[in-house]
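The structure appears right after this line, and notes come after that.
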2 protein chains.
Amino acid sequence: MRSHYCGLVTEALVGQEVTLVGWVNRRRDLGGVIFLDLRDREGIVQVVYDPDLPEVFETASSLRGEFCVQVKGLVRARPESQVNANMTTGAIEVLGKELTVLNKAAPLPIDFNTDVSEEQRLKYRYLDLRRPEMTERMLFRSKVTSEVRRFMDDAGFLDIETPILTKATPEGARDYLVPSRTHKGEFFALPQSPQIFKQLLMMSGMDKYYQIVKCFRDEDLRADRQPEFTQIDIETSFMSAEQVMATTEAMIRTLFKKMLDVDLPEFPHMSYAEAMQRYGSDKPDLRNPLELVDVADLLTEVEFKVFNGPANDPEGRIATLRIPGGASLSRKQIDDYTKFVGIYGAKGLAWVKVNDAGKGIEGVQSPVAKFLTDEIIDAIVERNRAEDGDIILFGADSYAIVTDAMGALRLKAGEDFGLTSDEWKPLWVVDFPMFEKINGSFHALHHPFTAPRDLTPEELEANPAAALSDAYDMVLNGVELGGGSVRIHDQQMQATAFRILGISDEEAEQKFGFLLEALRYGAPPHAGLAFGLDRLVMLMTGASSIRDVMAFPKTTTAACPLTDAPSPANPEVLEELAINLVKQDDGEEK
Amino acid sequence: MRSHYCGLVTEALVGQEVTLVGWVNRRRDLGGVIFLDLRDREGIVQVVYDPDLPEVFETASSLRGEFCVQVKGLVRARPESQVNANMTTGAIEVLGKELTVLNKAAPLPIDFNTDVSEEQRLKYRYLDLRRPEMTERMLFRSKVTSEVRRFMDDAGFLDIETPILTKATPEGARDYLVPSRTHKGEFFALPQSPQIFKQLLMMSGMDKYYQIVKCFRDEDLRADRQPEFTQIDIETSFMSAEQVMATTEAMIRTLFKKMLDVDLPEFPHMSYAEAMQRYGSDKPDLRNPLELVDVADLLTEVEFKVFNGPANDPEGRIATLRIPGGASLSRKQIDDYTKFVGIYGAKGLAWVKVNDAGKGIEGVQSPVAKFLTDEIIDAIVERNRAEDGDIILFGADSYAIVTDAMGALRLKAGEDFGLTSDEWKPLWVVDFPMFEKINGSFHALHHPFTAPRDLTPEELEANPAAALSDAYDMVLNGVELGGGSVRIHDQQMQATAFRILGISDEEAEQKFGFLLEALRYGAPPHAGLAFGLDRLVMLMTGASSIRDVMAFPKTTTAACPLTDAPSPANPEVLEELAINLVKQDDGEEK
């Protein structure tokens with residue numbers, strides 16, 4: 001039905017007849033001539049109808065926006081004055097000879113030029129996706145998956161499908177459940193990730209696995225979360241952490257080169273400890289040049305509880321952040337920053353404006369100057385490499401609060417002062433702690449199958465708090481693109497990890513018995529990683545929401561305004577599944 | 001950790017040091033030397049340990065089956081007498097120099113050499129998958145998806161993901177349901193196919209879509225069904241049925257060439273009517289040369305109710321099946337065939353053995369000969385091109401029973417008499433009826449979105465029974481590989497189809513309102529097709545069960561013996577979902 005895509009009709013075709021199909025993006029009647037912007041997934045081309053073909057002209061006159069039409073016509077160069085250098089097709093136009101309406105369109109229910117709610121966009125998603133911006137994102141995403149697959153295929157990875165109807169994870173929280181009809185009263189869970197299955201595939205000798213796969217999490221949704229999301233899931237046997245990082249880094253570099261013609265710089269490796277210390281984040285945005293500077297050692301003796309408390313507490317932290325030119329901040333602006341760090345639990349935000357560096361108290365303006373000495377002031381200024389006109393902001397509290405609050409403030413100040421550069425700044429964060437202690441019990445920082453770094457089971461058990469894991473996160477511009485680890489392949493080590501996590505032998509047996517059993521039969525050393533595809537595409541396309549890189553996303557309440565899902569179930573089906581609905585507060589069984 | 005895959009160590013590497021990792025497939029101690037068959041996903045290689053390296057030899061002596069090891073050694077040619085031409089690595093062996101045990105293996109819980117139940121195989125799937133036969137199937141399947149994707153990518157199709165958490169289909173039967181936490185009392189359904197979403201993608205202007213996608217059906221399982229299965233799902237705008245068939249046929253031909261080095265013959269097109277007439281099936285196995293021959297017109301006048309009833313009934317059918325050499329069938333064997341057709345509702349199986357063709361009643365042996373004339377016998381023999389020594393079997397009943405029964409008998413006899421050839425015999429079945437009438441009401445033979453062939457909505461409504469659809473099925477060796485159709489893109493036509501199917505306007509609005517609405521805004525003409533990937537791979541690999549081409553299939557009761565899914569849910573989670581379990585007959589809430 002067509003000879004070319006609209007968006008690909010260029011000067012090379014001048015003088016040729018083309019047949020196009022697409023949608024009327026716009027119709028203008030100018031000087032007795034009809035100009036049609038005809039659109040398909042590849043772009044827009046201008047079609048011109050002259051009145052000298054009265055029948056065709058009449059049809060053209062009847063067209064409205066979003067009519068689906070077929071056009072036959074002659075490609076000709078536009079007059080010099082009408083050339084549009086911003087369009088691929090901007091140097092030509094098509095002189096329409098024939099015109100067939102394939103399907104009419106009623107007046108559109110929404111006007112995308114005015115402010116349209118997300119709800120409306122999702123309800124009429126098929127119209128929303130016709131907008132060139134959205135179409136381009138879908139094409140881009142498709143190309144990304146295609147390039148990833150080619151890379152992984154060529155690297156010897158096998159694409160193997162893992163089940164969607166699977167077993168609930170330990171706590172069961174955040175699992176989507178699926179009642180079984182053949183085993184009444186029992187449930188499948190939709191996988192939060194194929195973690196266990198990909199490890200089992202390594203134990204099956206598949207050696208190198210990847211899958212671009214849907215994962216599910218029933219959580220309260222935030223702007224960048226969706227109930228179903230897509231992972232580029234990777235697992236490999238007989239490879240070290242370094243080798244997995246090298247392979248996946250090569251994949252991402254290839255992707256950026258092919259898709260964006262960007263040569264990513266080599267990815268530096270940074271320890272978790274350093275990232276938290278210098279950037280207050282385990283996913284530092286290196287486009288932002290600001291850094292946290294620790295000064296607790298300078299403040300142990302001062303007569304000011306806000307400082308000397310954390311300075312003398314092994315679990316406290318005092319970190320400073322220098323903002324170049326920040327002395328210009330007004331009292332009101334500083335108050336706003338104080339409120340901002342309050343979100344993260346900080347009780348205040350001390351500051352020092354540097355007027356004359358190296359001159360002690362004389363050289364600065366600060367409400368806390370009176371608690372400090374000239375030497376301390378000069379030492380802090382020097383350690384921050386502060387110059388005249390800068391401000392130094394202080395976080396002083398527990399390690400966690402200071403790190404979180406000052407890490408967040410670093411990002412905010414970077415944006416506010418226009419310091420964040422327009423580059424791609426990838427890195428690997430490594431050397432994570434195995435566990436974090438919350439309310440006295442250990443939790444896995446990654447997941448309970450992560451291997452410790454260079455420890456025997458006995459050493460791990462002797463001092464879990466000090467153990468580092470063999471895990472790695474890929475971070476780009478402050479976004480965690482993916483994370484992974486070397487896995488435990490030794491049954492005793494896995495049992496030890498479960499024990500430290502407070503999972504009893506009985507519970508471990510019940511929930512992971514099959515995994516522990518599988519580790520008994522020559523499980524190979526293995527490691528892997530998973531990327532969040534949606535987030536990767538979002539970052540690469542500059543989209544502001546994850547919903548803009550998915551064809552049919554859900555709302556923030558996990559609903560689909562287009563199909564009206566979820567919806568009430570057929571009562572007979574529920575009966576067959578042996579489940580009842582609990583009456584809701586309004587007394588109605590919904 | 002390795003320099004080469006075990007299965008790829010060939011003569012080209014003789015004289016080189018290699019590092020291999022893999023599993024001990026077998027250890028033999030022969031003449032003071034240890035022979036190790038070392039296995040990885042690419043195959044098996046022989047490693048030899050001599051006692052002159054005592055430490056290494058001792059380690060080698062300790063190995064048992066399925067130990068995971070690393071081997072360093074020297075590739076050398078095998079002595080002429082020990083060359084195994086059946087193995088890729090059969091001309092060489094590796095003289096072991098170093099040996100590291102990466103992980104030990106306990107004695108295996110199952111012996112795959114003895115008869116192992118499917119339950120056991122699934123419980124220890126990670127061991128089952130290590131068997132070379134299974135490993136090869138997983139590799140093959142991965143390669144198939146890779147080749148399909150490359151073909152579709154290169155043909156301009158976009159890989160776009162459609163939701164897994166979606167709206168229940170009309171009847172809701174066979175849908176897996178997922179309770180919503182944010183919308184209590186409501187449910188998502190897992191898709192039986194992405195049909196509506198792929199149509200919406202066409203309405204979104206995506207033009208060409210494909211996806212290799214999981215689909216779900218909660219049905220009583222048969223040998224070749226699984227609760228989750230995989231489709232190669234395709235949809236395209238602005239293409240005719242012929243063009244969709246040409247594209248997808250090219251895809252399958254490319255796949256067979258690349259994977260099996262098979263040049264498939266061109267796919268003939270056969271009407272549904274012809275397939276039912278000649279083969280008694282809408283998915284005829286053309287490797288089988290037997291054909292049904294209709295003879296009702298010859299039997300309208302005979303004094304035998306079994307024949308003259310169907311012969312004079314417009315809804316009856318009398319079909320014969322000639323089996324070359326079938327006169328050798330014993331009474332017992334004919335009785336068995338009679339029982340066999342009984343499964344399909346046939347009340348008997350008349351037969352005529354041809355001893356002397358063309359000699360009327362004299363020339364045949366048959367219990368029904370007495371009801372027939374010489375002329376009728378000769379005409380039947382001639383129409384069947386029967387020769388001396390053949391048997392002609394008769395099905396006489398309603399059209400449906402005769403077609404089903406004789407179609408099945410045709411397949412059985414073809415197998416029994418070794419007539420089914422060892423070739424690839426693809427075809428397209430086309431010109432399906434739009435509807436079939438069951439108990440007085442119309443049902444869609446494909447699905448309710450299938451377009452009729454060359455009919456206006458008015459013509460369709462005037463005579464639904466006569467309408468043909470623009471649908472097509474790809475059949476290979478009697479297996480339906482895929483099916484598709486041109487879709488309705490006109491709102492009035494879709495409303496008409498719903499009306500004929502007895503879906504009220506209200507019901508249509510409630511269930512498909514969003515689709516009808518979408519058809520109002522310039523929906524393009526579109527068509528598509530879906531292949532069953534599992535079945536395709538099963539056919540190509542010669543596997544006898546769909547479970548043998550999936551990594552982690554479910555049992556026939558839709559359970560996973562490996563992970564023990566489904567399983568009871570956490571009561572707190574059920575509470576949060578606002579659902580209760582119905583107590584089962586045994587009084588226990590399971």
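Order of the sequence lines sets the chain letters (A, B, ...), proteins ahead of strands, with each chain counted from 1. Please read all numbers here as calculations on a predicted model, not as lab measurements.
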### Heavy-atom contact with chain A under 4.5 Å, split by part of B:Thr563
both
### Query
Do A:Arg149 and B:Arg149 come close enough that some side-chain heavy atom pair is under 4.5 Å?
yes
### Query
Angle class for the B:Tyr176/A:Phe188 ring planes (parallel below 30°, perpendicular above 60°, tilted otherwise)?
perpendicular
#### Entry: Region of B:Asp564 in contact with chain A, defined by heavy-atom distances below 4.5 Å
both
### Query
So do B:Pro107 and A:Tyr521 actually touch side chain to side chain, heavy atoms under 4.5 Å?
no
#### Entry: Distance-only polar pair, side chains of A:Ser142 and B:Asp159, donor-acceptor under 3.5 Å
no
### Message
Does any backbone or side-chain atom of B:Pro179 lie under 4.5 Å from a heavy atom of chain A? Answer side chain, backbone, both or neither.
### Response
both
### Task
Examine distances only and state if a side-chain atom of B:Asn103 and a backbone atom of A:Ala523 form a donor-acceptor pair shorter than 3.5 Å.
yes
### Task
Select one option (side chain, backbone, both, neither) describing which atoms of B:Met152 are under 4.5 Å from chain A's heavy atoms.
neither
### Query
So, do B:Leu562 and A:Leu200 sit near enough that their side-chain heavy atoms are less than 4.5 Å apart?
yes
### Query
Does A:Lys167 reach the main-chain N or O of B:Ala565 with its side chain, forming a donor-acceptor pair under 3.5 Å?
no
### Task
Go through A:Phe67, A:Phe216, A:Phe197 and name the one with the most non-hydrogen pairs under 4.5 angstrom from chain B.
A:Phe197
### Task
Say whether, by atom type as modelled, one donor and one acceptor occur between the side chain of A:Arg41 and the main chain of B:Met206 under 3.5 angstrom.
yes
### Query
So do B:Leu129 and A:Met203 actually touch side chain to side chain, heavy atoms under 4.5 Å?
no
### Query
Are the side chain of A:Arg181 and the backbone N or O of B:Asp218 linked by a donor-acceptor pair below 3.5 Å?
yes
### Message
Is B:Lys208 in contact with chain A via its backbone, its side chain, both, or neither, using a 4.5 Å heavy-atom distance?
### Response
both
### Message
What part of B:Pro553 gets within 4.5 angstrom of chain A, counting heavy atoms only: side chain, backbone, both, or neither?
### Response
neither
### Query
Is chain A contacted by the side chain of B:Tyr124, its backbone, both, or neither, given a heavy-atom distance below 4.5 Å?
side chain
### Message
Under 3.5 Å, is there a donor on one side chain and an acceptor on the other for B:Asp207 and A:Tyr5?
### Response
yes
### Task
Keeping the roles fixed (side chain from A:Lys554, backbone from B:Leu165), state whether a donor-acceptor pair exists under 3.5 Å.
yes
### Summary
If one checks every heavy atom of B:Leu515 against chain A at 4.5 Å, the contacting part turns out to be neither
